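Here's the structure we're looking at; comments come further down.
Computed from a predicted model, the values in this text were never measured in an experiment.
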Amino acid sequence: MNKEKKYLVTSALPYANGALHLGHLAGAYLPADIFVRYLRQTGRDVVFVCGSDEHGAAITMRAKKEGVSPQEIIDKYHALNKDTFQRLGISFDYYHRTSAPLHFETAQEFFLQLYRKGGEFEERTSEQYFDEEYQQFLADRYITGTCPRCGHTEAYGDQCEKCGSALSPTELIDPVSTLSGAKPVLRPTKHWYFKLDKHAGWLREWIEKGLLDGKQHHDPRLWKKHVVGQCLSWLDVEGGLQPRAITRDLDWGIPVPLDEAAGKVLYVWFDAPIGYISSTKQWAIDNGRDWEEYWKGDQVELVHFIGKDNIVFHCIVFPAMLKAHGDFALPVNVPANQFLNFEGQKFSKSKGWGIEQHEYLEAFRDFPNCEDALRYALIRIMPENRDSDFRWDDFVEYHDKELADNLGNFVNRVVVLTNKYFDGQVPAVDAFPAELAQVRDLIDQLCREIESYNFRAALQLLMDVSSFGNTYLQEVSPWQLWKEDPDHPEVRKCLYSCVQIVALLAALTEPFIPFTAAKIRKLVGWTDAADARLGDLLDRLANDQAPLAAGHRIGEPELLFAKINDRKDQSRLAIVESQKAKLQAILEAEKQSEHEPVKPTIQFDDFTKLDIRTGTILEAEKIPKAKKLLKLTVDLGFERRTIVSGIAEFFEPEGIVGKKVIVLANLAPRSLKGVESQGMILMAENEKGELAFVAPPDGWSDGFAVR
RNA sequence: GGCGUGGUAGCUCAGCUGGUCAGAGCGCAGGAUUCAUAAUCCUGAGGUCGGGAGUUCAAGCCUCCCCCACGCUACCA
């Protein structure tokens, strides 16, 4: 890596309508922090920015639901997230927010640049729901209605939370405005679309080969396979990239800076990534620097740390925006992580499954060095290339076995021995020990891993350094030699080397577990963080110079980690156990109540509108290219019907021929996968989503009513 | 169904462009040791590298087919 480079590192902007959980931390914030701390330590010019993403309908919805203003929502979560990151040691140079005037300006300028340049946008007018009472167009989320798929009566305009279907507002049956409660009407409205499709060509070359304008921009082999794979699958998707709307009819957001666009704001996905730019600008203003050095020119190394849900925006949409704008550098890497699960299940706020960052800090308040305990465990299982799972038992194991027994114990035994044998002073030796050269090799490997975004491997090498120290110490066993001769040269040499290794660990731990790094610095008698700069220490090692001079006085012994499984003190184990108990309680509660609430009361007349009949399945076959659909021929006694049913995941076609069924016979026909379905088979569904036939007894006649 | 990513010792996982790649950690079983937080160190375990076929002098690593898990996507009238 080149020291002339200007590194600009970003972590995904958290959406300011909620707290973040451990999965977010492991996915986008910890890896970025490791990378940035390492770059700083090796003398690179780096700026690390982030901030709150504070626009979009989800925030206004939440505000409305809680009866507060959107401003109160974003203020609350901006402060919470910012504070929590700081407490966890995530070392942003600037944590901005997209509600700041500077960001408005930046985003509007960006929009205007593309607008004036021409060729990047197109205008489209479409029919969208409008609330006449409130005189405004309704965002998807502001419309509820009955889901056309599952019949859920409170589906949103963009998706049904019951069956998970992605919807568009016009699909909803009986749509209702959540503002007025009235039925919205369709009205034409104009929006601006970013012509993503015209960028597909160079994007492919850039992602596949790392080429940009014919020049090598980055090494595509350093990009994660799943990142490249997902991008290419988007470029390959049927019809290719499509123009994307970048404006919305909403009153919460950044106004579109055109006279003809009153009442319209920039769509949140357009405005949010520009937040990286405005965050850098604010940092530059506060520090008397030039933000453009980090965004423009050949020396810029832009790296986006995100979760895999954001790959498309950061690898396709935002790069296309930057390229279209013209002045900006494109990311050299987007090391997206996969997802972290929690004790075998997805994090779920509604179920209470998982733990949020600030909850952890609260629950582990009395746990010494709890920040690093968490950072270590999360790095250890970081979902770099596949989904991974956080388990409290692993957390305990990593903390006790690796941090306390391996690292903490090594540091402690060296500090104790040095104090005991040499009055706390680094002993003198004749020559640079070969052991330190071996450690230097490990450190070199560690650096390479970090620079390749392999943080788990780097962490393993950190532990290897400590293990090397333990093994070496054990081999020499200076305590035995010392008993025979306190002046034995091997004793001096051994402890000299070990103290130097501890000093190196003070530097090596800094990117991963910075709170511990500070403690180790104190143990080796360093008062200034600058003493433990890895870059300087590596320069010294390269010249066969050790970090600490003979005669240097180190500190008094002090434990770095208090084990969780401690015979004398159960308090830390109790904290972990209470977390496990909490999860157990959720599982229990789940078993108890798995029943959805009863729908609103209807009249008998409503029921009599349904024509439900008995029937028999005569034929069944799978519909090609559909996972769930079976095409059934059903005998209703008086006629035969073709019915498409989404039961293929649970029933083999041959297994259900002859089966008695109950059919909703007067349902309007609808075509599915090219087959017209003339009715619906009634099925019972349990809490796992499994289906079972509801049917009259075998032998019952077909075509008779169910009432 | 389409696309993507994975399926390696009991568990968690490393294995880059094919030839010490059959490995590490944990667990387990022996042994050594006492400076240290019941810590440390040494030794052992013999897993058809999801299944099958193929390419090659040589294949976890390349090709094809199949199975399984996860994600995205279409579809449960």
Side-chain angles (χ1 to χ4, degrees), chain A residues 148-151 163-166 221-222 224-234 236-238 308-309 311-312 338-339 341 346 380-381 385-389 391 393-394 397-398 400-406 408-421 452 454 456-457 460 463-464 467 469-475 477-480 482-483 494-495 498 557 559-569 622-630 643-650 663-664 666-673 675-683 685 689 691:
Chain A
R149 309 267 151 73
C150 71
C163 68
S165 306
R221 288 173 304 182
L222 285 176
K224 300 190 189 209
K225 279 174 78 175
H226 69 269
V227 172
V228 173
Q230 188 165 329
C231 289
L232 293 179
S233 94
W234 269 79
D236 287 338
V237 79
E238 227 173 78
K308 67 174 165 185
D309 51 330
I311 288 173
V312 176
Q338 308 244 18
F339 287 151
N341 290 321
K346 289 181 187 177
R380 184 65 222 271
I381 58 166
N385 293 308
R386 69 179 88 169
D387 290 356
S388 63
D389 195 15
R391 281 182 299 224
D393 287 346
D394 292 338
E397 180 182 312
Y398 300 151
D400 282 7
K401 297 258 165 58
E402 298 178 14
L403 287 176
D405 292 349
N406 185 343
N409 189 226
F410 172 67
V411 171
N412 187 238
R413 43 202 308 222
V414 171
V415 173
V416 167
L417 285 171
T418 305
N419 272 286
K420 194 165 171 178
Y421 297 165
S452 307
N454 297 322
R456 287 170 71 149
Q460 178 62 53
M463 279 300 156
D464 288 347
S467 284
N470 272 320
T471 304
Y472 172 58
L473 196 55
Q474 201 67 27
E475 274 171 2
S477 294
W479 46 91
Q480 288 180 333
W482 189 75
K483 274 183 210 152
C494 177
L495 280 170
C498 286
L559 293 186
L560 295 176
F561 302 97
K563 290 179 72 165
I564 296 168
N565 283 309
D566 184 328
R567 311 169 93 197
K568 299 175 218 105
D569 181 357
K622 278 212 70 161
I623 292 183
K625 299 186 179 182
K627 188 160 67 174
K628 299 181 179 179
L629 300 182
L630 289 187
I643 295 178
V644 177
S645 187
I647 59 175
E649 284 183 305
F650 300 99
V663 177
L664 180 56
N666 65 334
L667 188 63
R670 169 160 163 167
S671 176
L672 284 166
K673 286 283 168 191
V675 180
E676 181 170 282
S677 180
Q678 304 159 329
M680 175 172 168
I681 307 286
L682 302 189
M683 306 291 291
E685 181 178 0
L691 300 177

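Taking the side chain of A:Thr471 as heavy atoms from C-beta on, and the options B:G7, B:U40, B:C42, the nearest nucleotide is B:C42. Out of B:U37, B:A14, B:U40, the shortest distance to the side chain of A:Arg386 is found at B:A14. Of all nucleotides listed (B:A32, B:U5, B:G71), B:U5 comes nearest to the side chain of A:Gln338. Listed nucleotides: B:C35, B:U37, B:C70. Nearest to the side chain of A:Asp387: B:C70. Checking B:U33, B:U37, B:G6 against the side-chain heavy atoms of A:Gln480 singles out B:U33 as nearest. Listed candidates were B:U33, B:U5, B:C26. Nearest to the side chain of A:Trp479 is B:U33.
B:G44 sits 27 Å from B:G7 when the P atoms are compared, rounded to a whole Å. Taking atom P in both B:C65 and B:G2, the straight-line distance is 11 Å, to the nearest Å. Look at the P atom in both B:A53 and B:A69: the space between them is 24 Å, to the nearest Å. Taking atom C1' on both nucleotides, B:A9 is separated from B:C72 by 33 Å, rounded to a whole Å. A gap of 10 Å separates the P atoms of B:G60 and B:G50, to the nearest Å. Remark: the separation of the C1' atoms in B:C67 and B:G25 is 30 Å, to the nearest Å. B:C11 and B:A32 have their C1' atoms separated by 28 Å, with the value rounded to a whole Å. Taking the C1' atoms as reference points, B:G30 lies 12 Å from B:A45, given to the whole Å.
The nearest whole Å value for the distance from the CG atom in A:Asp405 to the C1' atom in B:C41 is 13 Å. A:Ile311 places its CD1 atom 19 Å from the P atom of B:C70, with the value rounded to the nearest Å. Rounded to whole Å, the distance from CH2 on A:Trp482 to P on B:U33 is 20 Å. Atom C1' of nucleotide B:C16 and atom CG of A:Asn385 are separated by 13 Å, given to the nearest angstrom. In this structure, the CD atom of A:Glu397 is 12 Å from the P atom of B:U12, given to the nearest Å. Distance OH (A:Tyr398) to P (B:U12): 10 Å, rounded to an integer number of Å. The distance from atom OH of A:Tyr421 to atom C1' of B:U34 is 10 Å, rounded to the nearest whole Å. Atom-to-atom, CD1 of A:Ile381 to P of B:U12 comes out at 13 Å; the value is rounded to the nearest Å.
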RNA chain B base-pair string [pairs: Watson-Crick or G-U under 3.5 Å; |: paired with another strand]: (((((((..((((.........)))).(((((.......))))).....(((((.......))))))))))))....
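Contact annotation for A:Ser645: backbone-only contact, meaning every heavy-atom pair under 4.0 Å involves sugar-phosphate atoms and none involves a base. Counting non-hydrogen atoms under 4.0 angstrom, A:Phe339 reaches nothing in the nucleic acid. Within 4.0 Å (heavy atoms only), A:Gly408 reaches at least one base atom of the nucleic acid. Nucleic acid contact class of A:Asn409 (heavy atoms, under 4.0 Å, all strands): base. Within the 4.0 angstrom heavy-atom criterion, no nucleotide atom of any strand lies near A:Ile623. Using a 4.0 Å heavy-atom criterion, one finds that A:Leu629 contacts the sugar-phosphate atoms exclusively. If you check every strand for non-hydrogen atoms under 4.0 Å, A:Arg391 touches sugar and phosphate atoms only.
Considering only side-chain N and O atoms, A:Gln460 lies nowhere under 4.0 angstrom from the phosphate OP1 or OP2 of B:G25. Phosphate contact (OP1/OP2 of B:U37, side-chain N/O of A:Lys401, threshold under 4.0 Å): absent. Applying the 4.0 Å criterion to OP1 and OP2 of B:G1, one finds that A:Lys673 has every side-chain N and O outside that range. Considering only side-chain N and O atoms, A:Arg456 lies nowhere under 4.0 angstrom from the phosphate OP1 or OP2 of B:G25.
Closest non-hydrogen pair, A:Asp387 versus A:Phe339, comes out as OD1-N, 3.0 Å. Between A:Arg456 and A:Arg380 the shortest heavy-atom distance is NE-O, 3.4 Å.
Residues A:Val663 and A:Ile643 are in side-chain contact: their nearest non-hydrogen atoms beyond the backbone lie under 4.5 Å apart. Two residues are said to be in side-chain contact when any heavy atoms from C-beta on lie closer than 4.5 Å; A:Val411 and A:Phe561 fail this criterion. Here the side chains of A:Ile311 and A:His226 are in contact, with some heavy-atom distance below 4.5 Å. Looking at A:Val644 and A:Glu676, their side chains never come closer than 4.5 Å, going by heavy atoms from C-beta outward. For the pair A:Leu473/A:Thr471, no side-chain contact is recorded, criterion being any heavy-atom separation below 4.5 Å from C-beta on. Taking 4.5 Å as the limit, every side-chain heavy atom of A:Arg670 sits out of range of all side-chain heavy atoms of A:Ser677.
Using modelled atom types and a 3.5 Å distance limit, the side chains of A:Asn406 and A:Ser467 yield a donor-acceptor pair. Between the side chains of A:Gln460 and A:Asp464, at least one donor N or O lies within less than 3.5 Å of an accepting N or O.
The residue among A:Gln678 and A:Lys568 whose nearest nucleotide of RNA chain B lies closer to the 5′ end is A:Lys568. Mapping A:Lys622 and A:Ile647 onto RNA chain B via the closest heavy atom, the residue that lands nearer the 5' end is A:Lys622.
In this structure, B:G7 shows a glycosidic angle more than 90 degrees from zero, which is the anti conformation.
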